[in-house]
Each structure stands twice: as structure tokens, then as C-alpha cells.
Amino acid sequence: MMLYLGLILSSVAFLALRYVLRHGYWIPIGRGFWIRRYYAPVNHSDEDLMAMTDAMRLVCENSIGTVLDYPVLKAKTPAALRKELHNKLILQVYSSKLKRVVAFHMAFWTRLNVHIGLVMVDKEAQGQKLQQVSLLNINCLIFDWLAFRFRMSDIGYSSSAFRIMSETVYKSYPNLYYNVKPESWHLEIAQDLLTNHRRDMGISSTARFEPTYFIVRGSNAAVGGGANELVSHVTSRKSRMGIAAQYLDDLMEPEDEQLYVGEANIFVFLWRNLPILPSLTSIGRWIVIFGIMGMHNYVAANLSWYTRTILKLMGFHYTSYGQPPAEPCIWVANHFSYLDALLLNAANPQLQIVAKADLMSEVPDNAFSRFMLRVFTRGGFMWYDRNGDDTIRQRVGQKLQEGKSVVIFSEGTSQRSGPPQPMRRGVLLIAEENNVPILPVALRYSMPIGLSKGDKTMRNFGSIIKMSNIVCGVRVGDPLCNVQDIEVVRSKVTSMWEQLGEDIKPTLPTGFTF
């Protein structure tokens with residue numbers, strides 16, 4: 001009897017909550033904030049609809065100084081508004097302190113998916129994480145549709161959106177953390193959105209879609225871009241650290257936007273947000289990685305299978321192109337980070353790598369850093385002091401005479417991403433002195449995981465260990481003899497770097513045309 005009563009009360013409570021969440025009733029959420037949510041509110045009174053829209057317009061004005069050119073926000077009459085609201089989910093946040101609506105989220109659904117849509121927050125309420133109301137609004141579809149999974153999309157020029165979509169949405173493409181390849185349904189949703197729902201998305205009628213990376217070129221163009229006013233708020237991220245921000249900067253201009261398509265799955269979402277358990281596999285992989293490094297440090301160094309196994313365990317999808325020559329030569333490669341050593345060592349475990357001595361000063365002095373210093377040193381690193389090491393040329397010559405090849409990063413510094421930078425010609429003098437050829441070598445990663453001046457090594461490493469989707473490659477060219485101009489070498493490396501870009505870029509499903 002008690003079981004039946006509990007079931008009845010639970011059902012009544014569920015239906016009551018579902019009704020409240022669909023019909024615009026205020027619900028307290030703490031910290032002086034209240035929310036109300038509308039599900040396709042075409043049956044509300046004219047006064048309620050115009051008040052709802054007026055509040056949203058005011059949030060826009062208080063946030064960016066103008067009202068965005070979205071159909072719902074631009075509707076002048078209740079009749080015009082109802083025409084736009086038949087597929088909309090609207091959630092508003094009210095502040096008891098400011099005594100007005102200070103944020104809203106407006107999503108819409110299509111025959112194929114739910115689009116996250118527009119989030120705006122009043123300037124006086126920013127810093128309160130109110131952007132997260134978008135997740136609440138979408139999650140409430142569980143009550144609306146009694147569904148635990150549905151396809152979902154978003155669009156924007158935001159590194160935080162990139163991280164959130166990658167982390168919480170199943171098979172979200174493109175993805176910062178997981179190895180997700182575009183499938184036919186990703187492209188079908190993108191095609192439907194850009195064919196039938198440009199105005200609801202706020203994107204220009206002249207925008208172009210690039211299916212390989214899901215970029216919408218000119219989405220916020222001055223002509224026809226509903227969110228064009230936001231372009232001035234897309235500040236450059238070039239000086240900021242962060243792989244997600246750099247990825248977007250490398251691919252897009254301020255008027256472009258990144259389209260994300262994935263599947264909202266409540267079970268995947270809950271699993272990924274559990275403490276510890278989802279990380280057990282990753283923890284196990286890193287235990288094995290450090291076990292291999294320990295063998296390298298204290299048992300046998302530079303066995304041929306070490307680095308390829310480590311790259312695989314790290315989630316790197318590594319490929320090498322070209323055959324390194326057997327005779328000693330100077331490898332001249334472009335440079336991104338400490339990870340370059342793994343890629344090069346995988347191509348030739350006996351390589352010697354010239355590296356700046358202050359590399360280890362960029363990390364805290366502790367047992368871990370000393371362990372890693374031993375890994376690098378036994379792995380063939382030749383440390384030198386950039387402030388005046390007179391012995392490095394002699395030591396390089398000695399290794400070459402011993403029959404070993406030496407890697408020199410002739411750019412003199414590393415970078416987050418991009419083509420090879422100007423190179424220094426000192427490497428040509430070393431090659432001439434030792435009568436060995438120059439071997440041009442190109443390195444490339446699918447994600448901008450490199451380091452620029454000022455970037456923190458440990459923060460960079462902390463970001464990379466969460467990623468299992470990095471495609472990387474090494475392309476080895478033909479030896480060059482008697483080179484007099486360093487630009488000849490740089491040109492060869494640049495050409496191979498460009499070819500690597502074609503080698504590692506995502507492949508689309510066959511038979512699908514956009």
C-alpha cells in the first residue's frame with residue numbers, strides 16, 4: 001500500500017514540476033536568483049508574451065548596448081511573436097537584488113535536433129556563472145519529452161563553449177578531449193540547420209559552411225548576421241593561454257563561428273561528472289607510461305618500442321612519413337613543445353636532441369621534475385646554456401663523428417601552432433664544419449598544444465593529459481648537402497608541414513555532399 005502511495009505522490013510531483021517548468025512560473029534557485037521557463041509559449045496572453053520579450057531586449061541592451069537581430073527579439077506584435085515561438089525554449093533569470101531579469105537563454109528545436117541558441121547576461125550580473133542556465137534549460141527537456149537522449153547543436157566563437165560541449169555532450173564534433181570523427185548524422189544536422197534555420201541561429205544568409213572543421217564562415221557578417229553586434233566583443237585571445245582558445249583563433253576570423261553537433265545523453269553526462277570513476281582508465285594508462293619511463297631511466301634506455309607505446313597510451317595518433325638516412329646528419333625541425341622529442345624519438349630512438357638548459361627551470365624543482373630530467377637526458381638530450389655555452393658545437397660534432405644524428409630546432413624558440421618561423425643559419429655552419437648533410441624534418445599536431453613565451457609548462461601538460469584525440473605526424477625529407485641559405489631549409493620544412501596538414505586533417509564520411 002505504501003509503495004503505491006509513494007508511486008502516486010512521485011507521479012503527481014513529477015507532473016507538477018513538469019507543468020511549472022513549461023508555463024513560466026517563477027522558481028527560486030538560490031543566491032537571490034529566480035528562474036522561469038517557457039516551452040513553446042504560443043498560448044500565453046499578449047501581455048505576457050510582450051513582457052517576456054521586453055525583458056529579453058533589456059538584457060541585450062544592458063549587456064552589449066543594443067538588441068540582437070533575432071526574429072523573437074525583433075517581433076513588434078504578439079501575432080509576429082507567436083509565429084516565432086512555436087519551437088522555442090526560453091528561460092529567464094530574475095535578480096532580487098537588481099529587481100529585473102538579468103539573463104536569458106533561448107533555444108529551439110528542429111526535426112533533427114535541439115540547438116542551444118542564444119545566452120545573454122546583464123553586465124551587472126556577470127561573473128555569477130549565469131551562462132550555465134543554458135544547460136539547465138536543455139536538461140529540462142527530459143521533463144518535456146520524457147527523453148534521455150537527443151541530438152544537440154551549438155554555434156559560437158567561445159573557448160568555454162568548446163570545452164563544455166566536448167566534455168558533456170556525447171560524440172560532440174569537433175571535440176577538444178575525445179577522438180570523435182564526423183559521421184553522416186553530424187553533417188545531416190549541419191545541413192538542415194544552415195538550409196532551414198539560419199534566422200533562428202542568427203547567422204548571415206551569405207555565410208559559408210566548411211564541413212571538414214564545421215566552421216561557418218561569415219556567420220556574424222555585417223550584412224545579415226543576427227549576432228553581428230557580438231563581433232566587437234570577440235576580443236583577440238592571442239595573448240591568452242589555452243588550447244581551446246588557440247584552436248579557434250587558428251581557424252577563424254571574428255565574424256566566423258564554430259558549429260558543434262553531438263548527442264545529449266543523460267547517462268553519459270552523469271558518468272562523465274562522477275568523481276574518480278571516469279578517470280580510472282586514464283590513471284591506469286599513466287601508471288603504465290611512468291612505468292615505461294622508469295624502465296628507460298633505470299633498466300634499458302631508448303628501446304625502439306618505448307616512445308611509440310607512450311604516444312599510443314597518451315591518446316596520440318602518431319604517423320611518420322619518409323625514411324631517415326642511416327648516415328649521421330643534422331635534423332632541422334620546426335618546434336612546438338617538449339612533446340616534439342617523443343615524435344622525433346619514435347622516428348629514430350638514437351637521436352641526440354639539442355635543448356636549452358633552462359627548460360627544467362620552467363617547472364617546480366621536485367622529485368617529478370628530476371625524474372623527467374633523467375628521462376630527457378637518457379633520451380639523448382644535449383643541454384646547453386643559451387647565455388653562452390661554448391661547448392655545444394664541439395659536443396654536437398663529437399656525436400656526429402660517433403655516427404649519431406643530432407636534432408637542432410633552428411627557430412630558436414617554440415610556438416603554440418602554425419608554420420615554421422624564421423630559422424637561424426648557425427646550423428649550416430655546424431653542418432659544414434662536420435661535413436654532414438642537413439635533413440629537413442616537419443612536425444605537426446592536430447591541436448595547438450605547443451608553448452609560446454610566457455606559457456606555463458605544467459598548465460599546458462595538465463590540459464594535454466585530458467585529451468585523447470591528438471593526431472600528430474613527422475615527415476622526413478631528403479638530405480640537403482652544401483646548403484648556403486637557411487631559407488632553403490625552412491622552405492622545405494614549411495612544404496612538408498603543409499603536407500602534414502593534409503595528412504592529419506579529419507576525413508568526412510564517403511558519399512555525403514554538402
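Residue numbers start at 1 and run along the sequence shown.
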_side-chain hydrogen bond (donor to acceptor under 3.5 Å, both in side chains) assessment of Glu263 paired with Asn265_ = CA-CA 6 Å; Glu263 180 183 289; Asn265 186 310; 3.3 Å; yes

All heavy atoms of Tyr318 vs all of Leu343, minimum pair found to be OH-O, 3.2 Å

Between Leu439 and the options Pro328, Pro325, Ser405, the side chain to side chain contact (heavy atoms under 4.5 Å, CB included) test singles out Pro325

Shortest non-hydrogen pair, Ile486 vs Leu428, comes out as N-CD1, 3.5 Å

### Message
Looking at Ser491 and Glu487, would you say the former's side chain and the latter's main chain have a donor-acceptor pair under 3.5 Å?
### Response
no

After noting the C-alpha distance and the side-chain angles of Ser219 and Asp256, does the key distance pass the side-chain hydrogen bond (donor to acceptor under 3.5 Å, both in side chains) rule?
CA-CA 5 Å; Ser219 174; Asp256 303 334; over 6 Å; no

Between Ser320 and Arg308 the two heavy atoms that sit nearest each other are OG-NH2, 3.5 Å

Between Ile138 and Met152, the two heavy atoms sitting closest are CG2-SD, 3.6 Å

Taking the side chain from Glu411 and the backbone from Gln415, do they hold a donor-acceptor pair closer than 3.5 Å? no

Residues passing the side-chain contact (heavy atoms from CB on, under 4.5 Å) test with Arg374, sequence neighbours excluded, are Asn297, Tyr298, Arg378

Across all chains, not counting sequence neighbours, the salt bridge (charged side-chain N to carboxylate O under 4.0 Å, His left out) partners of Glu124 are Arg100

The side-chain contact (heavy atoms from CB on, under 4.5 Å) partners of Ser134 (sequence neighbours excluded) come to His105, Ile116, Val119

message: If we count only N and O atoms by modelled type, under 3.5 Å, do the side chains of Asp250 and Gln246 hold a donor and an acceptor together?
response: yes

Checklist line | CG (Leu429) with more than 12 external heavy atoms under 6.0 Å | finding: yes

Note, Ile330 side chain near Val407 side chain (heavy atom, < 4.5 Å): no

Self-check item: Expected output: side-chain Arg198 to main-chain Ala207 donor-acceptor under 3.5 Å
Solution: yes

Check: Is the centre of the Phe162 ring less than 6.0 Å from the centre of the Tyr260 ring?
Finding: yes

The complete set of ring-ring contact (aromatic ring centres under 6.0 Å, His included) pairs with one or both residues in residues 438-482, sequence neighbours excluded, reads Trp286-Phe461, Phe336-Tyr445

Report yes if the side chains of Thr309 and Val288 come closer than 4.5 Å at any heavy-atom pair, otherwise no. no

Note: Ile243 and Pro448 closest approach over all heavy atoms is O-CG, 3.5 Å

Closest non-hydrogen atoms of Tyr173 and Thr212, given as atom of the first, atom of the second and distance, are OH-O, 2.6 Å

By salt bridge (charged side-chain N to carboxylate O under 4.0 Å, His left out), Lys404 pairs with (sequence neighbours left out) none

Across all chains, not counting sequence neighbours, the side-chain hydrogen bond (donor to acceptor under 3.5 Å, both in side chains) partners of Ser160 are Ser158

Expected output: side-chain His296 to main-chain Val375 donor-acceptor under 3.5 Å: yes

Quick note, ring-ring contact (aromatic ring centres under 6.0 Å, His included) partners involving residues 474-499, not counting sequence neighbours, are none

Fill in: Test side-chain contact (heavy atoms from CB on, under 4.5 Å) applied to Leu274 and Leu270, step by step
CA-CA 6 Å; Leu274 286 174; Leu270 292 175; 5.8 Å; no

Sequence neighbours excluded, the answer for side-chain contact (heavy atoms from CB on, under 4.5 Å) partners of Thr413 is Gln421

> Are side-chain N/O atoms of Ser414 and His335 paired as donor and acceptor at under 3.5 Å?
Replying inline: no

If we only count heavy atoms from C-beta on, is the Phe316 to Leu339 side-chain gap below 4.5 Å?
yes

Donor-acceptor pair, Glu257 side chain versus Asn220 backbone, under 3.5 Å? no

Report all side-chain donor-acceptor pairs from residues 474-482 shorter than 3.5 Å, counting only partners two or more places apart or in another chain.
| residue | atom | partner | partner atom | Å |
| --- | --- | --- | --- | --- |
| Arg475 | NH2 | Asp503 | OD2 | 2.6 |

- Query: Do Met252 and Tyr157 have side chains that get closer than 4.5 Å, going by heavy atoms?
  - Reply: yes

Note to self: Has Asp340 got a side-chain atom pairing as donor or acceptor with Ser337's backbone, closer than 3.5 angstrom?
What the structure shows: yes

Exercise for the section: Please report the C-alpha distance between Trp305 and Ile292 in whole Å, then the side-chain angles of each, then the deciding distance to 0.1 Å, and finally whether the side-chain contact (heavy atoms from CB on, under 4.5 Å) criterion is met. Expected result: CA-CA 10 Å; Trp305 59 271; Ile292 293 173; 4.1 Å; yes

Does Ser495 use its side chain to pair, donor to acceptor, with the backbone of Lys492 at less than 3.5 Å?
no

Note to self: Using side-chain heavy atoms (C-beta onward) and a distance below 4.5 Å, is Leu451 in contact with Lys456?
What the structure shows: no

inquiry  = Using the rule given for side-chain contact (heavy atoms from CB on, under 4.5 Å), can you reason through Ile189 versus Asp192, listing the C-alpha separation, both sets of side-chain angles and the distance that settles it, and then say yes or no?
reply    = CA-CA 5 Å; Ile189 289 172; Asp192 179 64; 5.7 Å; no

Would you say that Val114 contacts Ser153 through its side chain, given a criterion of any heavy-atom pair below 4.5 Å between the two side chains? no

Exercise. Between Phe269 and Tyr170, does the ring centre distance come in under 6.0 Å?
Worked result: no

Applying side-chain contact (heavy atoms from CB on, under 4.5 Å) to Val396 and not counting sequence neighbours gives Val354, Met382, Ile392, Leu400, Val406, Ile430

Cationic N near anionic O, under 4.0 Å, Arg272 to Glu167: no

Go through the steps to decide whether Arg444 and Ile504 satisfy the test side-chain contact (heavy atoms from CB on, under 4.5 Å), and finish with yes or no.
CA-CA 9 Å; Arg444 189 155 184 169; Ile504 69 176; 3.9 Å; yes

Could you go through Phe376 and Tyr338, starting from their C-alpha distance and side-chain angles, then the distance that decides it, and tell me whether this counts as ring-ring contact (aromatic ring centres under 6.0 Å, His included)?
CA-CA 9 Å; Phe376 291 140; Tyr338 48 89; 7.4 Å; no

Exercise. Indicate yes or no: at least one non-hydrogen side-chain atom of Leu68 is less than 4.5 angstrom from one of Met120.
Key: yes

Contacts of Glu183 meeting salt bridge (charged side-chain N to carboxylate O under 4.0 Å, His left out) (sequence neighbours excluded), chain-then-number -> Lys171

Q.
Any side-chain to backbone donor/acceptor pair from Asn137 onto Val133? Under 3.5 Å, distance only.
A. no

Name each donor-acceptor pair under 3.5 Å that joins a side chain in residues 462-472 to protein atoms two or more places apart or in another chain, with its distance.
| residue | atom | partner | partner atom | Å |
| --- | --- | --- | --- | --- |
| Ser463 | OG | Arg459 | O | 3.3 |
| Ser468 | OG | Tyr177 | O | 3.0 |
| Asn469 | ND2 | Asn175 | O | 2.6 |
| Asn469 | ND2 | Leu176 | O | 3.4 |

- Would you confirm whether Thr494, through its side chain, and Pro420, through its main-chain N or O, come within 3.5 Å as a donor-acceptor pair? no

Between Arg416 and the options Asn460, Asp249, Asp455, the side-chain hydrogen bond (donor to acceptor under 3.5 Å, both in side chains) test singles out Asp455

